[in-house]
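Counting starts at 1 for both ligands and their atoms, following the listed order.
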Amino acid sequence: MAPNVKDEAPHNSFDTILVLDFGSQTSHLILRRLRALGVFAELLPCTTKIADLTWKPKGIVFSGGPASVYDEGSPHVDPAVFDLGVPILGICYGCQEIAWRIDSKNVARGEAREYGHADVTITKVNSNVDRLFAGLGDEIPVFMSHYDKLVNLPTDFVVIGATNNSEYASIAHKEKPIFGVQFHPELEHTPRGTEILRNFSVDICGAQPNWKMGDFTQLEIARIRELVGERALVLGAVSGGVDSTVGAALMREAIGDRFKAILIDTGCMRLNECETVKINLGKHLGINLTVVEAGELFMSRLAGVSDPEKKRKIIGSTFIDLFEKEAIRIEKEAENTPNSGKVEFFLQGTLYPDVIESLSFRGPSATIKTHHNVGGLPERMMNGQGLRLIEPLRLLFKDEVRAIGRQLGIHESLVNRHPFPGPGIAIRILGDVTKERVEIARKADNIFITKIKEAGLYDQISQAFAGLDTNRSVGVFGDQRVWGYIVILRAVRTKDFMSADIFDFDTSFLKDVSRTICNQVEGVARVVYDLTSKPPGTIELE
Ligand SMILES: Nc1ncnc2c1ncn2[C@@H]1O[C@H](COP(=O)(O)OP(=O)(O)OP(=O)(O)O)[C@@H](O)[C@H]1O
Ligand SMILES: O=c1[nH]c(=O)c2[nH+]cn([C@@H]3O[C@H](COP(=O)(O)O)[C@@H](O)[C@H]3O)c2[nH]1
Ligand SMILES: NC(=O)CC[C@H](N)C(=O)O
Ligand SMILES: [Mg+2]
């Protein structure tokens with residue numbers, strides 16, 4: 001495989017805390033909190049071999065995780081991590097891992113699950129170990145989520161915090177900067193958790209809290225210039241979503257017209273999407289976007305397919321076919337112009353959550369959904385055509401990307417757009433995809449989003465759309481029997497798209513949307529509002 005460029009990362013320019021991930025649902029929040037403090041942080045699987053690290057972290061956090069340290073097959077860190085000489089903080093499973101490494105009898109199943117609020121009584125010991133809880137007083141409310149617990153105090157450790165249920169809820173090594181907490185400082189429900197993470201990263205690890213988006217932007221532009229060199233062309237998959245738009249703006253800034261932006265019209269885009277994106281990118285960013293019209297091709301390949309994973313795979317491989325063709329076309333077109341060169345790079349707007357998912361120590365969690373931008377797509381492009389991948393945003397979260405977008409002067413309406421998945425409306429239709437069904441879903445979606453905007457709710461909602469259940473339901477319209485599809489409205493609030501809450505509309509708003517859709521979209525017999533949070537649901541229907 002062609003070398004990736006991911007290692008040229010901010011960890012070379014900023015003090016970085018390494019988070020080793022044991023698979024907790026909230027591992028990414030540890031990074032979010034640290035970065036919000038101005039401390040750059042990166043996540044790697046807990047099984048990372050320390051000898052493979054090409055950079056030295058200022059400190060290491062072990063995350064929580066669903067396994068039990070004492071079970072066979074449970075994940076464990078490379079023992080070399082303790083020889084690095086940098087401070088370590090274990091959170092929940094991470095704390096249990098520290099204790100278990102010292103003696104496997106130190107951890108056992110507790111008598112009761114402790115899930116939710118608890119009060120930690122802080123014990124002052126000496127100025128060295130007290131640094132973790134410095135400034136926090138005698139007691140702090142925390143959020144717990146565990147069943148296992150420390151049943152012995154590991155040798156050479158002292159207790160720095162206890163709860164009614166957990167005698168050793170927080171521990172510290174007597175001499176070395178090794179700490180463990182049974183609770184989760186990364187959660188909002190541990191109100192003073194950020195202070196604990198600051199005490200650890202800044203005071204104990206000595207990390208300079210100087211991570212700023214502005215620096216990232218300039219560093220990234222310089223890095224792209226150096227990487228791409230004087231002649232090479234870069235093909236960019238640009239959807240008009242905030243991620244690829246910001247990625248495209250960075251590329252454009254870095255290498256001008258040698259960046260070639262391509263939008264594939266899958267035939268499953270939102271109403272007027274492609275036209276609007278083309279105009280916006282031209283007007284605001286000076287990017288000449290090529291729209292590849294491929295609706296018919298996608299429809300023919302999707303005909304009769306109702307299995308969600310099959311749909312996603314078909315769409316993913318059709319995207320590649322088209323990008324491969326485009327690479328050839330672009331090189332031909334550039335021949336005999338001042339910009340002649342080979343297409344050597346492929347830009348994608350991959351974000352950190354996608355990367356985190358595929359970094360899981362259990363292997364990619366693609367078993368839930370195959371995202372078309374991770375996995376198959378780049379690999380074939382790279383192996384088949386020798387293309388190298390550029391993913392300037394692969395270490396960022398969505399709100400960080402939005403902040404960069406604003407810095408680059410990208411219009412607020414683009415920066416704040418709700419995300420739209422690459423496979424588009426195809427994964428919002430339960431059942432097989434036909435032109436007629438896409439059209440119905442698209443119209444319903446447009447009505448829903450327009451009403452949301454009119455009501456001034458768009459920016460309060462993280463993502464909203466209308467999908468289609470292709471089971472049909474009976475209705476009565478003007479005394480006529482109809483047998484039509486069911487429109488599913490979905491609107492969620494989330495910061496990171498890993499978990500999400502339902503948006504609370506007034507019933508009168510939903511009634512109005514329902515009435516308008518039934519009146520204006522032929523083929524619909526009923527409209528329902530999806531009340532499933534994530535988890536257990538996912539944001540998209542498929
Ligand atoms: N229709 C499309 N044409 C070209 N590239 C696409 C298309 N849809 C998706 N992509 C590529 O796949 C990547 C992942 O899509 P994704 O929807 O996650 O990001 P986005 O569209 O840039 O932003 P957002 O999440 O806000 O929609 C995009 O960044 C882009 O590189
Ligand atoms: O580009 C994409 N290609 C995909 O295949 C894909 N699947 C889901 N999504 C988006 O990811 C976020 C989380 O969605 P789920 O809860 O449905 O997994 C939501 O924002 C989804 O819109 C995708 N984006
Ligand atoms: N949240 C966690 O890390 C849980 C750790 C472990 N699985 C327990 O039940 O205690
Ligand atoms: Mg998108």
Side-chain angles (χ1 to χ4, degrees), residues 234-251 260-270 273-274 277-278 281 289-295 298 308-309 311-316 318-320 322-323 326 346-355 357 365-378 381 389-394 396-399 401-402 405 410 414-428 461-465 467 490-500 530 532-542:
V234 178
L235 174 63
V238 175
S239 64
V242 59
D243 313 340
S244 47
T245 303
V246 170
L250 283 171
M251 292 307 298
K260 308 289 179 186
I262 306 286
L263 181 138
I264 308 254
D265 183 352
T266 57
C268 298
M269 307 292 277
R270 291 179 278 209
E273 178 91 347
C274 301
V277 171
K278 185 167 169 65
L281 287 192
L289 181 74
T290 303
V291 178
V292 176
E293 166 52 56
F298 277 92
E309 278 300 289
K311 281 187 196 171
R312 283 171 174 274
K313 293 209 168 105
I314 290 171
I315 293 168
T318 307
F319 264 110
I320 311 173
L322 293 166
F323 281 122
E326 283 304 298
F346 181 64
L347 168 92
Q348 270 204 309
T350 314
L351 296 194
Y352 210 36
D354 303 328
V355 178
E357 271 206 34
S365 51
T367 36
I368 300 178
K369 292 181 183 188
T370 306
H371 277 224
H372 79 94
N373 56 326
V374 275
L377 194 131
M381 296 285 296
L389 198 59
I390 299 192
E391 296 175 312
L393 312 174
R394 61 175 287 121
L396 304 182
F397 291 95
K398 193 84 164 187
D399 48 342
V401 173
R402 290 198 158 119
I410 297 175
L414 272 177
V415 168
N416 279 337
R417 285 185 94 192
H418 291 180
F420 183 69
I425 293 174
I427 54 165
R428 294 175 171 179
I461 298 171
S462 312
Q463 191 169 5
F465 62 87
R490 185 134 175 82
V492 296
R493 286 167 73 120
T494 170
K495 277 217 165 71
D496 53 25
F497 296 86
M498 313 280 263
S499 62
D530 184 347
T532 325
S533 60
K534 172 182 179 175
T538 56
I539 296 174
E540 299 296 340
L541 300 183
E542 291 190 331

| query | Quick one: CG on Leu289 to CD1 on Ile262, what's the gap to the nearest 0.5 Å? | reply | 7.5 Å
| field | Between Ser239 and Ser244: side-chain donor-acceptor atoms closer than 3.5 Å | value | yes
| field | Arg402 side-chain N/O to Val415 backbone N/O, donor-acceptor pair under 3.5 Å | value | yes
| request: Please work out whether any backbone atom (N, CA, C, O) or any side-chain heavy atom from C-beta onward of Ser239 is under 4.0 Å from ligand 2, and answer side chain, backbone, both or neither. | output: neither
| task | Could you tell me whether some N/O pair between Ile539 and ligand 2 is separated by less than 3.5 angstrom? | result | yes
| task | Give yes if a backbone or side-chain nitrogen or oxygen of Ser244 is under 3.5 Å from a nitrogen or oxygen of ligand 1, and no if not. | result | yes
| task | Provide the number and element of each atom of ligand 1 under 4.0 Å from a heavy atom of Ile262. | result | 4 (C)
| message | Heavy-atom distances under 4.0 Å decide this one: backbone, side chain, both or neither, for Leu351 against ligand 1? | response | neither
| So, the side chain of Lys278 versus the backbone of Val291: is there a donor-acceptor pair under 3.5 Å, distance only? | no
| said: For atom 20 (O) of ligand 2, tell me which residue out of Glu540, Gln463, Arg490 has the closest non-hydrogen atom. | reply: Gln463
| query | Would you say Phe323 touches ligand 1, if touching means a heavy atom closer than 4.0 Å? | reply | yes
| query | Are any of the N/O atoms in Gly422 less than 3.5 Å from those in ligand 2? | reply | yes
| Distance from Phe465 atom CZ to Ile539 atom CD1, nearest 0.5 Å? | 8.5 Å
| field | Within-cut-off N or O pair, Ile264 and ligand 1, under 3.5 Å | value | yes
| field | the Mg ion (ligand 4) to nearest N/O/S of Phe420 less than 2.8 Å | value | yes
| field | Phe420, any N or O under 3.5 Å of ligand 1 N or O | value | yes
| Are any side-chain N or O atoms of Thr494 and backbone N or O atoms of Ala500, one a donor and one an acceptor, separated by less than 3.5 Å? | no
| message | For ligand 1 and Val242, I'd like to know whether there is a polar contact (N/O to N/O, distance under 3.5 Å). | response | yes
| message | Test your reading of the structure: does Lys398 have an N or O sitting under 3.5 Å from an N or O of ligand 1? | response | yes
| Do side-chain atoms of Arg490 reach the backbone of Thr532 as a donor and acceptor pair under 3.5 angstrom? | yes
| note | dist Thr538:OG1 -> Phe497:CZ (nearest 0.5 Å) comes out at 13.5 Å
| said: Considering Ala261, Gly247, Ser239, Ala237 one by one, which has a heavy atom nearer to atom 21 (O) of ligand 1 than any of the others? | reply: Ser239
| task | Mark up the atoms of ligand 2 that fall under 4.0 Å of a heavy atom belonging to Lys534, in ascending order. | result | 13 (C), 15 (P), 16 (O), 18 (O)
| message | Does only the side chain of Thr350 get under 4.0 Å from ligand 1, or the backbone, or both, or neither? Count heavy atoms. | response | neither
| Is there any N or O on Asp243 that sits under 3.5 Å from an N or O of ligand 1? | yes
